[in-house]
Every structure is written in C-alpha cells, then in structure tokens.
There are 2 protein chains.
Amino acid sequence: MRIGALSRLTGVSERALRYYEEQGLLSPLRRPSGYREYTDDHVHTVRSIRTLLAAGLGTATIADVLPCMVDEGGQLAAACPDLLVDLARERNRITAAMEELRDAREMLDAIIAAPVPPEAAQALDC
Amino acid sequence: MRIGALSRLTGVSERALRYYEEQGLLSPLRRPSGYREYTDDHVHTVRSIRTLLAAGLGTATIADVLPCMVDEGGQLAAACPDLLVDLARERNRITAAMEELRDAREMLDAIIAAPVPPEAAQALDC
DNA sequence: GTTGACTCTGACGTCGACGTGAGGGTTTAG
DNA sequence: CTAAACCCTCACGTCGACGTCAGAGTCAAC
C-alpha cells in the first residue's frame, strides 16, 4: 500500500508518516518512482508509535524500542542493559504522569461537583 | 514574600512565575520599587497551576478555572455553563490520556519482562 | 557608601512533532 | 492521451511554556 492508504488506515497524516521515516521509526520499501510502499505490519507499527508518543516518549527512544517488538503479541526482548535502564525510567515517568493526571482530574471534579452558592449565582450573571 | 522565596518554596522558576502573572494566573501586589510581593495563598495557587499544567490544560483555561478555587479545600463553584462544558471536555481528555498512558506502560512492561532468547543475546553484542 | 544579593523589564532562543505550501514527477481511470 | 488524483523532496512556519541574556534599578548589611 502507498502512503495515502496507510494514512487513512491509521488516521495519521502523511506528513507524520514521512517524519517517522526520517526519524528511523519506519522503513518502507521504495518503488522505482520513489513512491513509498508499506506492508500490513506497518499499520501495527504506526499504532505502537502513536501509543508511545502519546505516553511522552521521544522519537529517538521509540526508535530504540521498536526493534524489540516483533509481530503482534510475540515480542522478542530488550537485550541491551542501556535500553532496560531507559525503559525503566520511562516507566516511572509514565506512572508519575498518571498520578498527576489523577490529581488534576480530582481537582476538576471538585469544581464540577461543587454546589453553587446562591449569592455567587447572583453575583455572576454569566 | 518576594519572587525568589516563592520560587524556592514551590520549586518553580522565577521566569515561570512571571509568565504565570503575564497570563493572568497570578496577581501579586507590587512594592513602590516594582518588586512583586506574594502571600502564602500564592503558594497553593502555584501548586494548583502546576497540577493543571501537568494535566495538559493551557494557561487560558487555567485562568478560567482558578477563580473557582477559593481557600484550600472549600471550593466555590463553577458558575458559568460555558466553563462547565470546558471542564467536562478537559476531564474526558484527561481520562483518555490516562488510558493511553496505561496502554503504553503495558507495552513497555511486555518488553521489559520479555525473556531474552538465547540466540538473540548472541546476535546482539551490546 | 559600597558591595553583593536580589529584582525589574524587554526580547530573542528553544524544543519536538508535525503543518503547510512550492514546484514538479507518477499513476490510473476513461 | 489526458485529466484527476496521488506522490515526491525541500524548506520554512507553528505553538506553548518557559530558558537565557542584557542592561539597569533595589535592598540589606557592614
């Protein structure tokens, strides 16, 4: 499949897909014309990329992580100790981020659920 | 207290504190000299700001939210319906973000916990 | 009064993941 | 064969929360 189809399948812009390749996250084949040719595997890869990006990982780290994920479900492993250290650090970051999100959500909930004092309702005419 | 002290108490840079004021999140008094003068309340306010920023809220939204948080614990309320809509939207965003973080963490866990195949350990000499 | 720590206001720099054209080939349906 | 749709490579623009530096007042202690 070509880039437009992959973009539609994943919901990721063509620009982003080219960017991922530029960063070494994706390596599609090339037609003689220069057109990129993607496989079905790339669909899964793109989804993984988006998940890790959403978690705050940078493209450089993701580039290190991706080779450790082969097929869907049957992973290989994180061989290099350096990578394991990085992954543990990222894991801690993610956990901390989740806790911060929980705190923030509770803060918003407190405001949303707060009873509106009658005099405040009067004062604010919005 | 002056800006240096507040910075030390909150762990937030002076530049950031001035930025928050510029965005209407903080309104310290001013000495005749122009020096900013903060109260103890501002310490709590800054912590709230950081929590909401960490949750992905923009300074503009936070500026709308802050007036609804008076004292510590005893909130007022979200009066304007517009604000309630925004808050609900943000709440959904946060929940979605938490789920994405959970997915990403599981992905990392799978890699971290994956057994290292013997031949892979040989192949990669890192 | 003077030294050193502190603070002020601009104002430009940063970083990362893209957005957005410009200018020009390629493919495919009719 | 031609038009529409698709794709290519530069390369500059964006956005938000600050970092950083310059040049210049202020405050507290000695």
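Residue numbers begin at 1 in each chain, while the letters A, B, ... track the order of the sequences. All values reported here derive from a predicted model rather than from experimental measurement.
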Can you tell me how far P of dT7(C) sits from CD of Glu37(B), to the nearest Å?
-> 10 Å
By salt bridge (charged side-chain N to carboxylate O under 4.0 Å, His left out), which residues pair with Arg36(B), not counting sequence neighbours?
-> Glu21(B)
By side chain to side chain donor-acceptor pair (under 3.5 Å), Thr61(A) pairs with (sequence neighbours left out) none
Whichever of Ala5(A) and Pro32(B) has its nearest DNA chain D nucleotide further upstream toward 5' = Ala5(A)
For Arg30(B) and Gly34(B), which heavy atoms make the closest approach, and how far apart are they?
-> NH1-O, 2.8 Å
Residue list, salt bridge (charged side-chain N to carboxylate O under 4.0 Å, His left out) with Arg89(A), at least two apart or on another chain | Asp86(A)
Sequence neighbours left out, what passes salt bridge (charged side-chain N to carboxylate O under 4.0 Å, His left out) with Arg2(A)? Give chain and number order.
-> none
Enumerate, atom names and distances included, each donor-acceptor pair closer than 3.5 Å involving a side-chain atom of residues 95-109 of chain B, sequence neighbours excluded.
| residue | atom | partner | partner atom | Å |
| --- | --- | --- | --- | --- |
| Thr95(B) | OG1 | Arg105(A) | NH1 | 2.9 |
| Thr95(B) | OG1 | Arg91(B) | O | 3.0 |
| Arg105(B) | NH1 | Thr95(A) | OG1 | 3.0 |
| Asp109(B) | OD1 | Arg91(A) | NH1 | 2.7 |
| Asp109(B) | OD2 | Arg91(A) | NH1 | 2.6 |

Figure out the CG/C1' separation between Leu26(A) and dC18(C), and round it to whole Å.
-> 15 Å
Hits for side chain to side chain donor-acceptor pair (under 3.5 Å) against Arg31(B), two or more places apart or cross-chain, chain-then-number order -> Glu37(B)
Heavy-atom contacts under 4.0 Å between residues 53-60 of chain B and DNA chain D, which residues?
-> Leu53(B), Leu57(B), Gly58(B), Thr59(B)
Go through the structure and list residues passing side chain to side chain donor-acceptor pair (under 3.5 Å) with Arg47(B), not counting sequence neighbours.
-> none
Tell me the ring-ring contact (aromatic ring centres under 6.0 Å, His included) pairs involving residues 9-38 of chain B, sequence neighbours left out?
-> Tyr38(B)-His42(B)
Those residues that, when tested against Ser27(B), pass side-chain contact (heavy atoms from CB on, under 4.5 Å) (two or more places apart) | none
Heavy atom of residues 13-24 of chain B under 4.0 Å from DNA chain D: which residues?
-> Ser13(B), Arg15(B), Ala16(B), Tyr19(B), Tyr20(B)
Please tell me which of Gly4(A) and Arg50(B) maps to the more 5' nucleotide of DNA chain D, matching each residue to the nucleotide holding its nearest heavy atom.
-> Gly4(A)
5'-most to 3'-most nt of DNA chain D touching chain A (<4.0 Å, heavy-atom partner on protein side) reads dC6(D) to dA11(D)
